[in-house]
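Remarks on the structure that follows.
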Amino acid sequence: GLHVGNTVGLNALKFPEQLVNPSLASKYPGRIFIIHYFVCCLHSIVLGPFFLVHGLRKWYWTSFLAMLFGSLPIVPFNYSPESFGKALGIFVTFRNVFELFLSLYLSTTLNDNDESFRILSIYHFWIWGYRLLDVGPRRLMKTLLIPSYQIVGVLLIMYLVVFWGLKENLVLFVGTPPNGSNPVDEESWLMHSGRILYCFIWYMVFYVLQKGYVKEVAATDCFEIHPAPPGGTHDDNVKNKKNGYNTIL
């Protein structure tokens with residue numbers, strides 16, 4: 001997952017002609033993706049686990065909110081239906097809605113006891129760790145021109161198996177009670193100020209990027225917000241492969 005994200009970011013900066021998602025070839029969409037990718041990785045593999053280990057629940061949700069600020073601007077550049085088929089595009093949409101509601105529910109119902117942190121830990125590595133896990137198999141099945149509904153089936157099985165493994169404590173460190181040897185008072189004015197400042201900085205970063213993107217669109221004649229993928233859509237490629245087999249037979 002990290003390799004794919006790094007490659008897309010590099011191509012957006014240096015080799016736009018190699019992008020599978022052509023909408024990122026423009027200046028600001030490429031920058032929005034790179035910063036989005038950075039803040040998501042920051043939450044998923046650095047800050048999220050750190051705050052869980054140290055029992056900083058409010059800081060955890062602050063990091064999540066910053067990631068949410070960075071995720072909304074990338075929605076217009078979503079190419080899941082074109083890249084992996086219509087069925088997977090629908091699956092991703094419903095998965096995102098489910099995960100958003102789950103996040104909102106947990107953020108308003110969990111407290112600071114060990115069981116709440118166990119649930120929060122399972123949630124974190126299931127929802128956000130899985131995002132990095134499914135990228136490789138998804139790309140492989142795309143290369144093999146597997147039909148979209150079959151890709152959805154494989155990813156759904158992975159999604160449920162990952163949850164089961166986390167719930168049954170089959171993954172190291174997940175569900176471990178937070179370290180309480182150095183408790184931090186999250187209710188101090190300094191902590192409140194820090195959380196507000198952290199979210200405000202990320203909000204302004206993406207506000208500036210989106211403002212630049214609007215200006216880029218306005219200043220460019222015939223700007224394509226969602227251009228067709230250069231290699232064709234996944235569903236069309238699968239159909240052409242099937243027609244080719246039928247012709248041979």
Side-chain angles (χ1 to χ4, degrees), residues 1-6 8-9 32-74 95-96 98-136 158-159 162-206 209:
L2 290 172
H3 170 69
V4 171
N6 293 337
V8 173
I32 290 173
F33 170 81
I34 291 170
I35 305 300
H36 153 79
Y37 172 65
F38 173 78
V39 72
C40 287
C41 288
L42 191 64
H43 175 74
S44 299
I45 60 180
V46 181
L47 294 182
F50 176 83
F51 293 142
L52 288 174
V53 167
H54 292 280
L56 301 174
R57 179 174 55 90
K58 292 181 179 179
W59 270 106
Y60 176 87
W61 290 114
T62 300
S63 177
F64 165 80
L65 183 59
M67 182 180 67
L68 191 61
F69 286 152
S71 298
L72 294 178
I74 205 72
R95 187 193 67 186
N96 289 343
F98 162 72
E99 292 174 350
L100 178 59
F101 275 96
L102 178 63
S103 301
L104 294 174
Y105 173 76
L106 294 179
S107 67
T108 56
T109 57
L110 295 182
N111 51 42
D112 292 331
N113 58 39
D114 287 351
E115 181 59 23
S116 288
F117 272 103
R118 179 179 180 273
I119 294 173
L120 188 56
S121 181
I122 292 173
Y123 152 83
H124 176 82
F125 290 102
W126 178 38
I127 301 301
W128 309 120
Y130 170 84
R131 293 298 180 97
L132 298 175
L133 183 66
D134 85 338
V135 175
M158 289 176 56
Y159 197 58
V162 167
F163 173 74
W164 176 81
L166 293 169
K167 183 176 180 294
E168 297 299 321
N169 293 324
L170 300 180
V171 180
L172 288 175
F173 307 120
V174 176
T176 303
N179 177 16
S181 59
N182 294 305
V184 177
D185 181 15
E186 287 195 284
E187 297 299 332
S188 68
W189 69 267
L190 186 61
M191 286 292 175
H192 286 306
S193 300
R195 290 193 292 271
I196 293 172
L197 179 62
Y198 183 76
C199 285
F200 177 75
I201 290 173
W202 280 116
Y203 175 85
M204 290 305 301
V205 166
F206 285 99
L209 288 172

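Not measured: the values here are computed from a predicted model.
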ring-ring contact (aromatic ring centres under 6.0 Å, His included) involving Tyr159 - partner list, sequence neighbours excluded: Trp126, Tyr130
Would you mind reporting whether Phe117 and Asp114 have side-chain heavy atoms less than 4.5 Å apart? no
Walk me through it: do Thr62 and Leu56 pass the test side-chain contact (heavy atoms from CB on, under 4.5 Å)? CA-CA 10 Å; Thr62 300; Leu56 301 174; over 6 Å; no
Interatomic distance, Asn169 atom CG to Ile122 atom CD1 [nearest 0.5 angstrom]: 6.5 Å
Heavy atoms only: give me the nearest Leu120-Leu110 pair and the separation to one decimal. CB-CD1, 4.0 Å
Sub-3.5 Å donor-acceptor pair from the side chain of Ser116 to the main-chain atoms of Asp112, do we have one? no
Before giving the answer on side-chain contact (heavy atoms from CB on, under 4.5 Å), spell out for Leu47 and Phe64 the whole-Å C-alpha distance, their side-chain angles and the decisive distance to 0.1 Å. CA-CA 9 Å; Leu47 294 182; Phe64 165 80; over 6 Å; no
Expected output: side-chain His124 to main-chain Ser44 donor-acceptor under 3.5 Å: yes
Is the closest side-chain heavy-atom distance between Asn96 and Glu99 below 4.5 Å? yes
Contact check, side chains of Val46 and Cys41, non-hydrogen atoms, under 4.5 Å: no
Side chains of Leu170 and Trp164 in contact at under 4.5 Å (non-hydrogen atoms): yes
Over 60° means perpendicular and under 30° means parallel, so classify the ring planes of Tyr198 and Trp202, tilted if in between. perpendicular
Side chains of Phe163 and Ile127 in contact at under 4.5 Å (non-hydrogen atoms): no
Pairwise side-chain contact, Val205 with Val39, heavy-atom cut-off 4.5 Å (strictly under): no
With no hydrogens and no angle check, is any side-chain donor or acceptor of Arg118 less than 3.5 Å from a backbone partner on Lys167? yes
Nearest non-hydrogen partners of Ala66 and Cys199, listed with the distance: N-SG, 4.4 Å
What do the steps show when you test Val162 against Asp134 for side-chain contact (heavy atoms from CB on, under 4.5 Å), and what is the final call? CA-CA 11 Å; Val162 167; Asp134 85 338; over 6 Å; no
I'd like to check the ring-ring contact (aromatic ring centres under 6.0 Å, His included) partners of Phe200; sequence neighbours left out, ordered by chain and number. none
His192 atom NE2, over 12 foreign heavy atoms within 6.0 Å: yes
To the nearest 0.5 Å, what is the distance between CG (Leu132) and CD1 (Ile45)? 6.5 Å
Report the C-alpha separation of Tyr123 and Ser103 in whole Å, then their side-chain angles, then the decisive distance to 0.1 Å, and conclude whether the side-chain contact (heavy atoms from CB on, under 4.5 Å) test is met. CA-CA 8 Å; Tyr123 152 83; Ser103 301; 2.6 Å; yes
Residues which pass ring-ring contact (aromatic ring centres under 6.0 Å, His included) with Phe38, listed by chain and number, not counting sequence neighbours: none
Going from OG on Ser107 to CG on Leu102, what distance comes out if it is rounded to the nearest 0.5 angstrom? 9.5 Å
Which one of Trp59, Tyr60, Trp61 satisfies the ring-ring contact (aromatic ring centres under 6.0 Å, His included) criterion with Phe51? Trp59
Let me confirm one number: the CZ-CG distance from Arg57 to Leu106, rounded to the nearest 0.5 Å. 11.0 Å
Should Phe206 and Leu72 count as side-chain neighbours, where that means a heavy-atom distance under 4.5 Å? no
To the nearest 0.5 Å, how far apart are CG in Asn111 and CD1 in Ile119? 9.0 Å
Output for pair (Met204 CE, Leu209 CG), nearest 0.5 Å, gives 10.5 Å
Parallel, tilted or perpendicular: which fits the ring planes of Phe33 and His36, with parallel below 30° and perpendicular above 60°? tilted
